[in-house]
K.L.:
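Quick one: the structure is below, and I'll ask about it shortly.
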Amino acid sequence: MTETISYLRGDATSPQGKGVKVIAHVCNDQGGWGKGFVVALSRRWPEPEAAYRRWHRERAKNDFALGAVQFVQVDRFLWIANMIGQHGIKTGSKGVPVRYEAIDTGLEALAVRARELGASVHMPRIGCGLAGGTWERVEPLITARLTGRGIPVTVYDFD
């Protein structure tokens with residue numbers, strides 16, 4: 001059964017609806033956490049930032065890399081998916097930091113976990129803020145990996 005992406009005005013850190021939820025967002029591969037959507041996450045829960053920083057610090061012994069996803073439980077029915085989908089943190093001579101193929105790989109892992117948890121997925125327009133991506137490139141990835149497989153997705157546009 002195919003779902004369609006639901007779009008809501010609001011805050012992705014306050015996901016709407018019932019049941020288990022996963023808030024997905026894009027992180028960089030440099031260990032940086034301090035601008036964009038992560039600031040809102042850190043205001044609500046300390047665990048996602050602490051887990052991300054530990055994951056980066058111990059990267060020689062784990063899977064920290066483009067396309068990897070770290071799932072952090074912050075409440076009984078709420079998880080945060082730290083998806084590494086941008087290389088670096090600044091737009092420069094090599095273009096924008098977003099890496100669509102890494103986001104696609106991360107969304108695949110997210111689909112598996114969401115199905116295991118029986119969860120809906122909630123997110124801002126991932127990869128389109130500081131990462132410099134375009135929604136026209138990201139939306140089809142979400143459709144292919146999540147909604148096309150029956151996983152409900154809500155995208156929040158913050159006022």
Side-chain angles (χ1 to χ4, degrees), residues 1-59 62-86 89 98-99 102-131 133 135 138-139 141-159:
M1 178 188 132
T2 301
E3 295 270 341
T4 55
I5 299 172
S6 299
Y7 291 90
L8 286 181
R9 286 222 166 283
D11 181 354
T13 67
S14 296
Q16 304 300 303
K18 302 210 177 314
V20 179
K21 298 176 194 71
V22 178
I23 298 173
H25 70 108
V26 168
C27 302
N28 63 70
D29 64 355
Q30 305 293 298
W33 180 292
K35 283 194 163 96
F37 183 70
V38 298
V39 174
L41 283 175
S42 291
R43 273 200 289 266
R44 303 231 12 191
W45 308 282
E47 300 93 343
E49 177 179 359
Y52 170 80
R53 290 189 185 281
R54 184 171 51 254
W55 190 28
H56 177 260
R57 193 170 52 248
E58 298 170 1
R59 65 192 177 279
N62 65 39
D63 65 346
F64 185 95
L66 283 168
V69 185
Q70 178 188 53
F71 295 93
V72 183
Q73 190 168 12
V74 294
D75 208 334
R76 185 167 164 210
F77 297 110
L78 185 61
W79 296 75
I80 308 298
N82 293 335
M83 299 192 314
I84 303 179
Q86 70 179 74
I89 51 177
V98 71
R99 293 296 179 267
I103 289 175
D104 191 40
T105 300
L107 289 170
E108 179 65 32
L110 177 58
V112 169
R113 191 58 173 270
R115 198 174 295 312
E116 287 170 359
L117 294 168
S120 56
V121 175
H122 303 260
M123 63 181 71
R125 291 187 187 234
I126 57 169
C128 297
L130 297 171
W135 191 243
V138 175
E139 187 183 46
L141 303 177
I142 294 166
T143 299
R145 300 291 179 198
L146 299 170
T147 57
R149 296 175 178 173
I151 297 167
V153 174
T154 303
V155 172
Y156 297 79
D157 288 312
F158 194 74
D159 288 328

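The structure displayed is predicted, hence computed values, not measured ones.
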K.L.:
Considering only heavy atoms from C-beta outward, does the side chain of Ile5 approach that of Leu146 to under 4.5 Å?
P.N.:
no
K.L.:
Are the side chains of Met123 and Val153 in touch, meaning some heavy atoms are under 4.5 Å apart?
P.N.:
yes
K.L.:
Taking the side chain as every heavy atom from C-beta outward, state whether Ile23 and Tyr156 have any pair of such atoms under 4.5 Å apart.
P.N.:
no
K.L.:
For the atom pair CG (Leu8) and OG1 (Thr154), what is the distance rounded to the nearest 0.5 Å?
P.N.:
5.5 Å
K.L.:
Just verifying a value: how many Å separate Glu49 CD and Arg43 CZ, rounded to the nearest 0.5 Å?
P.N.:
12.0 Å
K.L.:
Are any of the side-chain heavy atoms of Val26 and Ile103 separated by less than 4.5 Å?
P.N.:
yes
K.L.:
Less than 4.5 Å apart, side chain to side chain, heavy atoms only: is that true for Arg125 and Val155?
P.N.:
yes
K.L.:
First locate atom CG of Leu141, then atom OG1 of Thr105, and finally report the distance between them rounded to the nearest 0.5 Å.
P.N.:
9.5 Å
K.L.:
Could you go step by step and tell me if Ser14 and Arg44 meet the side-chain hydrogen bond (donor to acceptor under 3.5 Å, both in side chains) rule?
P.N.:
CA-CA 9 Å; Ser14 296; Arg44 303 231 12 191; 2.6 Å; yes
K.L.:
Could you go through residues 109-121 and list every donor-acceptor pair under 3.5 Å that involves a side-chain atom there, pairing it with any protein atom two or more places apart or in another chain?
P.N.:
unit_1, atom_1, unit_2, atom_2, d
Arg115, NH2, Arg149, O, 2.9
Ser120, OG, His122, NE2, 2.8

K.L.:
Measuring from atom CZ of Arg99 to atom CD1 of Ile84, what distance do you get when rounded to the nearest 0.5 angstrom?
P.N.:
13.5 Å
K.L.:
Would you please name every residue forming a side chain to side chain contact (heavy atoms under 4.5 Å, CB included) with Glu47, sequence neighbours left out?
P.N.:
Trp45, Val72, Val74
K.L.:
Name all residues meeting the side chain to side chain contact (heavy atoms under 4.5 Å, CB included) criterion together with Arg9; count only those two or more places apart in sequence or in a different chain, and write none if there are none.
P.N.:
Asp157, Asp159
K.L.:
Search all heavy atoms of Ala24 against all heavy atoms of Pro124 and return the closest pair with its distance.
P.N.:
O-CD, 3.5 Å
K.L.:
Using side-chain heavy atoms (C-beta onward) and a distance below 4.5 Å, is Gln73 in contact with Leu78?
P.N.:
no
K.L.:
Check whether any side-chain heavy atom of Leu107 sits under 4.5 Å from a side-chain heavy atom of Met83, and report yes or no.
P.N.:
yes
K.L.:
Working to the nearest 0.5 Å, report the span between CD1 of Ile126 and CH2 of Trp135.
P.N.:
6.0 Å
K.L.:
Can you sort out the partners of Asn62 under side chain to side chain contact (heavy atoms under 4.5 Å, CB included), two or more places apart, ordered by chain and number?
P.N.:
Trp55, Glu58, Arg59, Phe64
K.L.:
Would you say that Asp104 contacts Arg145 through its side chain, given a criterion of any heavy-atom pair below 4.5 Å between the two side chains?
P.N.:
yes
K.L.:
Among pairs that include at least one residue of residues 17-26, which meet side chain to side chain donor-acceptor pair (under 3.5 Å), considering only residues two or more places apart or in two chains?
P.N.:
His25-Asn82
K.L.:
Report, one line per pair, each donor and acceptor closer than 3.5 Å where one atom sits in a side chain of residues 31-39; sequence neighbours left out.
P.N.:
unit_1, atom_1, unit_2, atom_2, d
Trp33, NE1, Ser42, OG, 2.7

K.L.:
Where do Gln86 and Ala131 come nearest, in terms of heavy atoms and distance?
P.N.:
OE1-CB, 3.3 Å
